[in-house]
Structure formats: structure tokens, C-alpha cells
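So the structure is just underneath, and the comments pick up after that.
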Number of protein chains: 2
Amino acid sequence: MIADRGLAGLKTRDLAREIGCANGAVYNLVADVDELILRVGSRTLHRLDQALSAVESGEPSPQATLVRIALAYCDFAAENLELWRALFEHRMDPDKPLPDWSIDDQLQLFRHVYQPLAALFPQRSREELGITARSLFSAVHGMVALGLEQKLVAVPLPALRKEIAGLVRAMIDGLIARAA
Amino acid sequence: MIADRGLAGLKTRDLAREIGCANGAVYNLVADVDELILRVGSRTLHRLDQALSAVESGEPSPQATLVRIALAYCDFAAENLELWRALFEHRMDPDKPLPDWSIDDQLQLFRHVYQPLAALFPQRSREELGITARSLFSAVHGMVALGLEQKLVAVPLPALRKEIAGLVRAMIDGLIARAA
DNA sequence: AATATTGATTGAACGATGTTCAAGTTTGTT
DNA sequence: AACAAACTTGAACATCGTTCAATCAATATT
């Protein structure tokens, strides 16, 4: 339901009707809609993880791998738009903290960026690499997020991919030049 | 109310009580909560615009200006966290389109990135520059958005500023190197 | 086999929330 | 003073997530 109606289109009554039970029965499977959304998010993150892993195989240069990962992220977001958006649009009540399994899911993502980065900058510490990996990931995420937004001018997907590839290469080149 | 309770904490009844009128009277000032949020967003965007303009004065190099703009964006987001989040968290019904004045507000933002970029790459066309400006802006936005997120590990603001400055410089260096 | 216990299922009900609207009140004009 | 226009009110409506007493089914126990 999230996939084709968006997070806002998820209603417990519709959901109950679709799976064939009374609306109250939803709460035997799940404590909250919050938990429901988190569990859907967990599946989405795992599929995203697989999509990113699929492009890491046998690549010559770490640079090329990073570009391919960024493009794979973009493609996944475009092909799973609503599910991907649900990962970031959803906000918990400030007092209810995220369960640990959900936090773990999210941290796994940076791993994909971390490894090629570690190959590029072997002299850097684990912390430095972790921070840079997060920054790089965030930058690409921002480009995808605003690029796929309908709010402003919609960017055609091929143009967005080209921009992402260009800017990722520029970022890596710049990082290498600064390290030298 | 958005500023200190967040978008989700904005309730028409609370609002009516706070401004001293009946809950129905809110709809004489505004057609929707959507419009209300958009109007608050407009104010936020104008203040953001001013904050970015304030760092553009008499700067030597376009590079330094771009870094300062990125940091100013980060600082504004940190100091106006909930209002800034409201700009991006809010989603309209898919059938109700954004009013023109709201779209204009948002497009103005890219102007700040466009001008220093045009100084750096005078040979590029207006379209190319516009696209690159949007990409650069989006990348910084992504770093700020995920950096200020409490969901994952909270990043201390000084560390985030350092990361943004570093990656912006790297991106610009990379763009220049590729242009050569 | 008969009964008791446990657990799932139901759907009505509650509270919160955005929105509407008939009725009442104020304000402005002639 | 009399009328019209506009504003204000607060009750009512629809739609949510969520709860829960009652019912039902299944399983365990005697």
C-alpha cells in the first residue's frame, strides 16, 4: 500500500480490508503503525542493500565502483520511489526511540561507500573514513532526493544520473587532490 | 508553533486558542493547513535567502563564497531546525498543485549558488550552470539533512561544518580539474 | 468425550484532528 | 435607525489510529 499510495495513503482500515481481517486485528501483528512502517522500511533497506551489493563485483577502480554505487542508489530510488521516500519521510514521536534493529539496518548502508573509500585512502583512520563515507552518501542522497522531487522542476532521470556521476567523480578527484 | 513543536505539532485548535479565536475562524485567514504551512515556508525561505545573501559580500574568490554559502545554509538549518525541516517534510495532495508564489520562493535559492559558479565557469551555458548549481545545492542539502537527523548517530555541528567545507571544496576542485 | 483454558477475532466505541456551516454578532453604509 | 455585508462562533461531520469487552476457535486437560 505504501508502494502505490505513499506513506500518507496507508490507512489501517484499508490495510485490514486488503488482508481480510477486522481493523482491530492489525494490532496482533504489529504494535503501532510506526512499527509497521519501520518493518516495511527494513525490507526496503535490505532490497536496497542487495541492489548496491550487485554493482560492487569485480570492478577495476574504487572510483568507478563509487560512481556505480551512486547510480544504483539513484536507480533504486527512482524504481521504488514511494518505498524509498517512506524511509526518510517517516518521523517517530520524539519520546519513542527507534528500535535497535532499525538503526542497524540503516548503518549497514554506509558500508558500501566505506569499502571503496578505504581502498582509495589507505592512510586514513577508520573514523575519518566513516565520516567521509557518510558525507559522500549524504551528498548523493541529497541529489537524488531533490532530483526526484516533483515539487520543483522535475529532472529527467538520465540527466539526473549524468549529474550524479559527474559530481561524484568531481568529489573523489577533489578528495584525492587534497590528500596529496 | 511549527518552530517549537514541529510540523506534526501544528494543530488548528491549538493555533486558534493561541491567537485567541474559535477554531473555525482560522479558515478566514487561510484556506487550508496546507496554505498555512506554505505561507510559513515562504517566510522561512525569505529569511534563509537573507542569511545566504549576508555572506556573499566582498568575497575574494568564488570558491570561498560557495563554501561560506554552504556553511550559512548549514547554520541556518541548525538554528531553525523545525522550520527548515517543514520546508521539505510537507507534502501536498498529489492533485493539489503548488501555488506559483511558492514555487518562485524555492527557485530563488539556487541563485546564490548560480552566481559564484558562473564566475568560476564563464564558458558554460546558462542551462549547464543551472543544473550544476542545483546539484551542488542538493549535495550540500543532503549533508545537512542527514547530518542534523537524530535518527542515526547525531553529528556534532562543528564536525558537520568541517565536513561540508571539505566536501564543497573537493567538489569545486574536482569540477575545475574536469573542466580543464 | 466432555470440559476448561488459552488465544485470536471482531466490530463497536473513543479521542484526536481537519473542515464545514448555520446561527449569532459585529461593522459599515445609507 | 435600518439594513446589508462580513466576520465569528462553536457545534457537528468525516476520517483517522487505537482500545477493548465480547465472541469464537482451537488446544489442552481431565
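Residue numbers start from 1 in every chain, and the chains themselves are labelled A, B, ... in the order their sequence lines are given, proteins ahead of strands.
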Would you mind writing out the side-chain donor-acceptor pairs for residues 159-180 of chain B within the sub-3.5 Å range, not counting sequence neighbours?
from	atom 1	to	atom 2	distance (Å)
Arg161(B)	NE	Asp75(B)	OD1	2.9
Arg161(B)	NH2	Asp75(B)	OD2	3.0
Glu163(B)	OE1	Ser135(A)	OG	2.5
Asp173(B)	OD2	Arg178(A)	NE	3.2
Asp173(B)	OD2	Arg178(A)	NH2	3.0
Arg178(B)	NE	Asp173(A)	OD2	3.2
Arg178(B)	NH2	Asp173(A)	OD2	3.1

Is the distance from the ring center of Tyr73(B) to that of His112(B) below 6.0 Å? no

Measure the distance from [atom1] on [X] to [atom2] on [N] and round it to the nearest whole Å.
X        : N       : atom1 : atom2 : value
Arg17(A) : dT10(C) : CZ    : P     : 14 Å
Asn28(B) : dT19(C) : CG    : P     : 14 Å
Asp93(B) : dG18(C) : CG    : P     : 14 Å
Ile19(A) : dT9(C)  : CD1   : C1'   : 12 Å

Hey, can you pull the donor-acceptor pairs under 3.5 Å for the side chains in residues 37-48 of chain A, sequence neighbours left out?
from	atom 1	to	atom 2	distance (Å)
Arg39(A)	NH1	Glu35(A)	OE2	2.4
Ser42(A)	OG	Asp105(A)	OD2	2.6
Thr44(A)	OG1	Val40(A)	O	3.0
His46(A)	ND1	Ser42(A)	O	2.9
Arg47(A)	NH1	Asn80(A)	OD1	3.3
Arg47(A)	NH2	Asn80(A)	OD1	2.8

Among all residues two or more places apart in sequence or in another chain, which pass the salt bridge (Lys or Arg N to Asp or Glu O under 4.0 Å) test with Asp104(A)? none

Nucleotide by nucleotide, 5' to 3', does protein get under 4.0 Å of the base (B), only the sugar-phosphate (S), or neither (-) in nucleotides 11-26 of chain D, counting heavy atoms? BB---BBBB-------

Which pairs would a plain distance check flag for residues 1-16 of chain A, meaning a side-chain donor or acceptor within less than 3.5 Å of a matching protein atom at least two apart in sequence or in another chain?
from	atom 1	to	atom 2	distance (Å)
Lys11(A)	NZ	Ala8(A)	O	3.3
Asp14(A)	OD1	Arg17(A)	NH2	2.9

State which residues pass side-chain contact (heavy atoms from CB on, under 4.5 Å) with Ala51(B); sequence neighbours excluded, sorted by chain then number. Phe76(B)

